[in-house]
Amino acid sequence: MKAVTANRLDDGAVVYLDESGQWTAELALAARYEGDDAEAALADAKRRATEIADGYLIEVTETGAPAGRTTLRETIRAAGPTVREDLGYQAAGR
Amino acid sequence: MYRYDEFDATLVAERVAQFRGQVARRLSGELTEDEFKPLRLMNGLYLQLHAYMLRVAIPYGTLSSKQMRKLAFIARRYDKGYGHFTTRQNIQYNWPALADTPDILDALAEAEMHAIQTSGNCIRNVTSDQYAGAAADEVEDPRPYAEMIRQWSTFHPEFSFLPRKFKIAVTASDHDRAAVKVHDIGLRLYRNDKGEAGFEVIVGGGLGRTPYVGHAIRKFLPKEHLLSYLEAILRVYNLQGRRDNIYKARIKILVNAEGADNFAAMVEKEWAAMKKTDIDLPREEIERIGAYFAPPAFETLPEESASLEEQRRRDPDFARWLRTNMAAHKTPGYAIVNVSLKPVGGVPGDISDGQMEALADLAEDYSFDEIRATHEQNLVLPHVRKDDLCAVWSGLKRADLATPNIGLVSDIIACPGLDYCTLANTRSIPIAQRISERFADLGDQESLGELKIKISGCINACGHHHVGHIGILGVDKKGEEFYQITLGGSGAEDASLGDIVGRGLSADATIDAVEKIVACYRANRQDNERFLDAYRRLGAEPFKEALYEAA
Ligand code: SF4
């Protein structure tokens, strides 16, 4: 399954597209797509150029955890630097 | 120190104003990301994993206290209270908001700094010896030449769109602290048999995917022709360098494809046809720039300081720090102080806003207002009276900046890696942290002597792993972090590229492997030879055996 992720335009923070078409900071809340739906969702998202700097698809499990080859990268994006647990989303103690 | 003239100040101010407009147009949607990206990169603004990243140039690594305070202010006001010193004597901020960057650039401009030419296919920030103007072993201060190159290369119309990025380093000592042999152009100022000072010009070095040690294409270049000769090299490269393939576009590929002799002949031909007086600076201008770097008002002091010797005898911790972190100064009664940004378990190169301010204060009180950044991700107070060393040490200790490990096994270079960098295969920083913890004992570290470990999180080699005595490169194997070890590299005057030993290892196995390699060195070391010398004497075999035996 796939989810749409991006970096928010104004501060570069990691965001994911949720079911209602809003950007969320929580990967678990991201909408999950199969096949062509994912590409279509990404294409739509990319048109929202004043909201995001960059968008792409990531592989996720059915429960919305990072999966596939980029698991570690996306885990770090979702949480923050592993060497500074006081920074990034992980700092808020999600 | 160099001060901006009106021309510099106007240039930078105009660029900030222009960027402010571009940011506004991007935020309003007038510019797309594709249109905006090259513009932000031209101003040092990257997009990393968690946020934007702003890379600020520190020309030839020289900073005043005022500039350091400004960097601290930016870290606190616009970032998350810290900055990261890189292997190119730059500082990076990891969390700036896009909308704030014009204000950050304005703040930098107030302290005569900017982020121009820290990205893109242009001539990047010129780097130099962090001991410039202070080193006991230097021919003369290399920074006036670095500054001439900075002025010549800033917004150079012909060289703003080179085939690829271009890095120049300058040194003026026999002991190369600027890694000149692994730069696109390395310049070594030295004195020939006749006693004249000139440059050895080394071209085509570099790390990354295809690493090379550079070739000396000119043994002796009279100083006054520096700029015309550089221009000749850049022209040949600009015309002949490959623009069709990003992996083959650096000058090192051209030099090695043509052969160094051929390449040298091409440059000499270009240079001979050139009207040098149009490019080389007139003597008065060279002197004018040189005057900015006049030595500070050193006192006339005896070489030895009685109070220092007394304090050294009394406090073994201070004595240890002196042994590892102090270097010889050219002026009697003075010393160079190295400030380690590599505490055990810390993030190499990171420094907090408070630490920056503490260092700015110490520089103001004890080092003629000067601070230097090193390509090994440390800082330097270049001009400290020996009488003041103990006070400086105490001040550094209060700021947690007195780790006594310069050049030792825990003084590790590590790139940001997958904790921050979008291009990374693997993390680098945690490997550095764990190695420094494994070898935390200061006595052991010191007994091992000089041992340079360098870690990169991908083949781009920002962590200079090819030239580490022990190099560690992160490789991705089906989404798992693996690390490949190289041995016997050096980025100094005895430059060489490390040899790959064995297959990739997991993170845990990598830490163990480093320990085994070090144990093998300890067992085979003769007298007090350095790790690198032992490796060169013994070859890779005993080290490979030590690794495999355990595998
Ligand atoms: S070496 Fe690779 S991972 Fe490390 S900072 Fe450079 S590009 Fe990023």
Side-chain angles (χ1 to χ4, degrees), chain A residues 2-16 23-27 42-61 65-94, chain B residues 23 25-37 40 45-54 79-82 84 94-101 345-348 350 414 416-434 474 476-481:
Chain A
K2 298 271 165 68
V4 176
T5 186
N7 288 79
R8 200 154 58 199
L9 179 65
D10 59 351
D11 61 359
V14 176
V15 289
Y16 308 93
W23 295 107
T24 171
E26 298 212 25
L27 177 54
L42 176 64
D44 276 350
K46 281 193 162 182
R47 277 193 278 276
R48 296 161 66 174
T50 56
E51 295 169 20
I52 54 166
D54 184 25
Y56 60 94
L57 294 174
I58 56 171
E59 214 175 304
V60 288
T61 65
R69 280 197 72 131
T70 59
T71 301
L72 179 62
R73 181 181 198 272
E74 292 305 326
T75 305
I76 291 173
R77 277 181 84 238
T82 64
V83 294
R84 287 294 302 264
E85 290 183 358
D86 57 327
L87 299 177
Y89 293 135
Q90 61 196 353
R94 294 194 304 145
Chain B
V23 168
R25 293 208 296 286
R26 175 67 188 100
L27 288 169
S28 74
E30 229 174 293
L31 289 176
T32 65
E33 187 60 22
D34 286 347
E35 290 164 337
F36 179 66
K37 187 175 172 184
R40 70 166 156 75
L45 191 65
Y46 291 71
L47 185 60
Q48 294 286 56
L49 289 182
H50 315 285
Y52 291 96
M53 179 271 279
L54 183 69
D79 209 86
K80 297 197 188 262
Y82 72 107
H84 173 76
N94 287 312
W95 307 89
L98 176 59
D100 285 337
T101 48
V347 177
D350 274 14
L418 193 54
D419 282 298
Y420 293 98
C421 175
T422 45
L423 302 172
N425 284 326
T426 70
R427 287 171 290 170
S428 312
I429 298 165
I431 301 293
Q433 290 174 316
R434 291 176 62 187
D476 169 274
K477 278 197 193 162
K478 299 200 182 89
E480 299 274 322
E481 291 178 298

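Sequence lines set the chain letters: A, B, ... in the order given, protein chains first and strands last, and positions in each chain run from 1.
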Could you list each N or O donor-acceptor pair linking chain A to chain B at a distance under 3.5 Å?
from, atom 1, to, atom 2, distance (Å)
A:Asn7, ND2, B:Leu49, O, 3.3
A:Leu9, O, B:Tyr52, OH, 2.6
A:Asp10, O, B:Leu98, N, 2.7
A:Ala49, O, B:Arg26, NH1, 2.9
A:Ala49, O, B:Arg26, NH2, 2.9
A:Ile52, O, B:Arg26, NH2, 3.2
A:Arg69, NH2, B:Asp476, OD1, 2.4
A:Arg73, NH2, B:Thr422, O, 3.4
A:Thr82, N, B:Asp419, OD1, 2.7
A:Thr82, OG1, B:Asp419, OD1, 2.5
A:Thr82, OG1, B:Asp419, OD2, 3.4
A:Thr82, OG1, B:Arg427, NH1, 3.3

Count the heavy-atom pairs under 4.5 Å between each of A:Gly88, A:Ala49, A:Ala53, A:Ala13 and chain B, then report the option with the highest count. A:Ala53

CG-CD1 distance between B:Leu49 and A:Ile76, expressed to the nearest 0.5 angstrom: 7.5 Å

Interchain contact, B:Pro416 with chain A, by part (heavy-atom threshold 4.5 Å): neither

